[in-house]
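Each remark here refers to the structure printed beneath this line.
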Amino acid sequence: MRTTNYLLSTQKEAPSDAVIASHQLMLRAGMIRKLASGLYTWLPTGLRVLRKVENIVREEMERAGVVEILMPVVQPADLWHETGRWDKFGGELLRIKDRNNRDFVLGPTHEEVVTELVRKEVNSYKQLPLNLFQIQTKFRDETRPRFGVMRAREFTMKDAYSFHLEQECLEKTYQNMFDAYCRIFDRLGLEYRPVIADTGSIGGSASHEFHVLAQSGEDAIVFSDQSDYAANIEKAEALAPAFDRPTATAELTVVDTPNAHTIDEVCDLLNVEASKTVKTLLVEGDAEEGEMAPVIALVLRGDHNLNEVKVEHIEGIASPLRFAGAQQILDAANCEAGSIGPKGLTIRTIVDRSAEKLADFVCGANENGKHLTGVNWDRDITDYEIADLREVVEGDPSPCGQGTLSIARGIEVGHIFQLGDTYAKSMNAAVLNQQGKNQVMTMGCYGIGISRIVAAAIEQNNDQNGIIWNDTLAPFSVVIVPMNMKKSHRVSDLAEQYYAELTAAGIEVLLDDRKERPGIMFADAELIGIPHTLVIGDRSIDNGVIEYKDRASGEKQEVKIEEVIEFIK
Ligand code: ATP
Ligand code: MG
Ligand code: MG
Ligand code: MG
């Protein structure tokens, strides 16, 4: 590829709403452009990386015996009525109508569609097990799309679905998929951990999430330093007594705060003091766009001694609910997560230790400019909560009996489930078994966030100059930077020669043939994160060498002109 034919689109600065490294760098390196909230165009550089992730995932799926299909993005509502998820799924499900007023959804996931396919195509146990995958666009109307493609509304997922006659067979496939996932994340060169996950509302018996470790991760995981034990926070709380956090008896007052804009005003309303140890539950909402936080809940906590739950008023609440504290509001208010309103509300728990810090929280307001600021709401689990968890959990013995527990932030890049027969039963997906009787199939499902992986990889691999791609993911392996190409025939001839030879050797090369100053070309090469740079200049040609620079280490070395191709290979 020649830069002059390419759409490089690098930028010096990232917009101020890009707060994490990968979001900033993907914009600055010209990988993505925002079209609207949670909707992104992939520019050529971004797309090249996305395709690499896709290809590795595809190769490993095929190696694991999973068969590729492609299902429609648009799905008829009827199927969602069959499983009951039309009502249960909540605000993330984007519903649309066709010209005949029939209901459809933009697929956030494909259990319904794939089960519809398999119940028609598969009739006998002899056709089982069957494992199908696709790599495809998903749409989820996320409450708070953020961090660029990390949490987008439209994104690319690899989703696989397996069908079995018996649980035992499902378990075998599940393990096979677990191993395939490990191979994928190993090949991608990511630092990751598989963790035991809560099966939550999907049900089923077993589930693992795969987390890329990163400070910017929205999730928290718990792991043992001496064994493979690792769990996400929800599961860890369910499993280990160490996680019985004192939310079970919370004195909770939920108030409608249309006129309370500050913590002080809220405290006035509640007739409480902003005390030293306060656990705040902030219930945020968007009943209408522009309208803020109809409800704020404060839980007062004196040294983990919480009293009874009292709810005065509560309005529309939807998932995601991550903490027992939040669940308790729902329980107390006798409403179900996701039960109200297509947009709903989100709940987050904040733990803080000092009144001063409390005054720094962002809280909702019904008027512009009245919000309290100073805390990063763009996270599901806040740093305060992590600190709180560390205090409660770190150093405790692992539930597996080996080692002690640590807490880390993670980005969920993959999720596998043993679904059981939930979907197959409600959709009556059965086959004839060996006895010639109808038997409902049992299922597994297996997701990977293809587009999220691109961002997660950048979170783990960047420096002040930009992205640092490994050879597996890099949009180009080599960039050729000719100095003064327009004036020096020797330089342009050698650049063209390398370009042709490397291309012929199957290496992806970017030839920077712009009329730009070398400084600009170097900065772009570093920002985009191309692993290998070849600098060609008259002076070094005089010495029979060219200059090579390694992006990751920053090390430079001279390579003999005739040895360059071998060196790169
Ligand atoms: P999250 O907890 O981050 O909302 P999820 O648990 O809702 O993710 P799954 O239903 O398990 O997601 O989907 C499988 C994978 O798809 C996730 O592990 C994640 O990598 C990816 N994914 C989910 N939602 C998004 C999104 N909004 N943007 C990008 N990738 C996503
Ligand atoms: Mg989600
Ligand atoms: Mg999740
Ligand atoms: Mg998940």
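Read the numbers this way: they start at 1 and go in the same order the structure lists the ligands and their atoms.
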Parallel, tilted or perpendicular, as decided by the 30° and 60° cut-offs, for the rings of W86 and H81:
tilted
Logged contact type for D159 with ligand 1, heavy-atom cut-off 4.0 Å, is neither
Does ligand 1 have an atom under 4.0 Å from some heavy atom of S451?
no
Strictly distance-based, threshold 3.5 Å: is any side-chain N or O of W42 a donor or acceptor partner for the main-chain N or O of V49? no
#### Entry: salt_bridge(E218, R144) N-O dist < 4.0 Å
no
Taking the Mg ion (ligand 4) as the apex, ND1 on H415 and OE2 on E412 give an angle, to 10°, of 100°
Short version for R151: what comes under 4.0 Å of ligand 1, heavy atoms counted, is both
Check whether any side-chain N or O of Q24 sits under 3.5 Å from a backbone N or O of A18 as a donor-acceptor pair, and report yes or no. yes
* V149 to ligand 1, any heavy atom closer than 4.0 Å -> yes
E142 heavy atoms within 4.0 Å reach ligand 1 at atoms 24 (N), 26 (C), 27 (N)
Does a side-chain N-to-carboxylate-O contact under 4.0 Å join R409 and E459?
no
Logged contact type for E412 with ligand 1, heavy-atom cut-off 4.0 Å, is both
Of R140, E209, H211, the one whose closest heavy atom lies nearest atom 9 (P) of ligand 1 is R140
With heavy atoms and a 4.0 Å threshold, my read on which part of R153 contacts ligand 1 is neither
Going by distance only, is there an N or O of A152 that falls short of 3.5 Å from an N or O of ligand 1? yes
Ring centers of F210, Y446 separated by less than 6.0 Å:
no
Original post:
Is R63 salt-bridged to E59, going by a charged N under 4.0 Å from an acidic O?
Top reply: no
H415 heavy atoms within 4.0 Å reach ligand 1 at atoms 11 (O)
Check your understanding: Of all the heavy atoms in V413, does at least one lie under 4.0 Å from an atom in ligand 1?
Key -> yes
Between Y181 and Y192, does the ring centre distance come in under 6.0 Å?
no
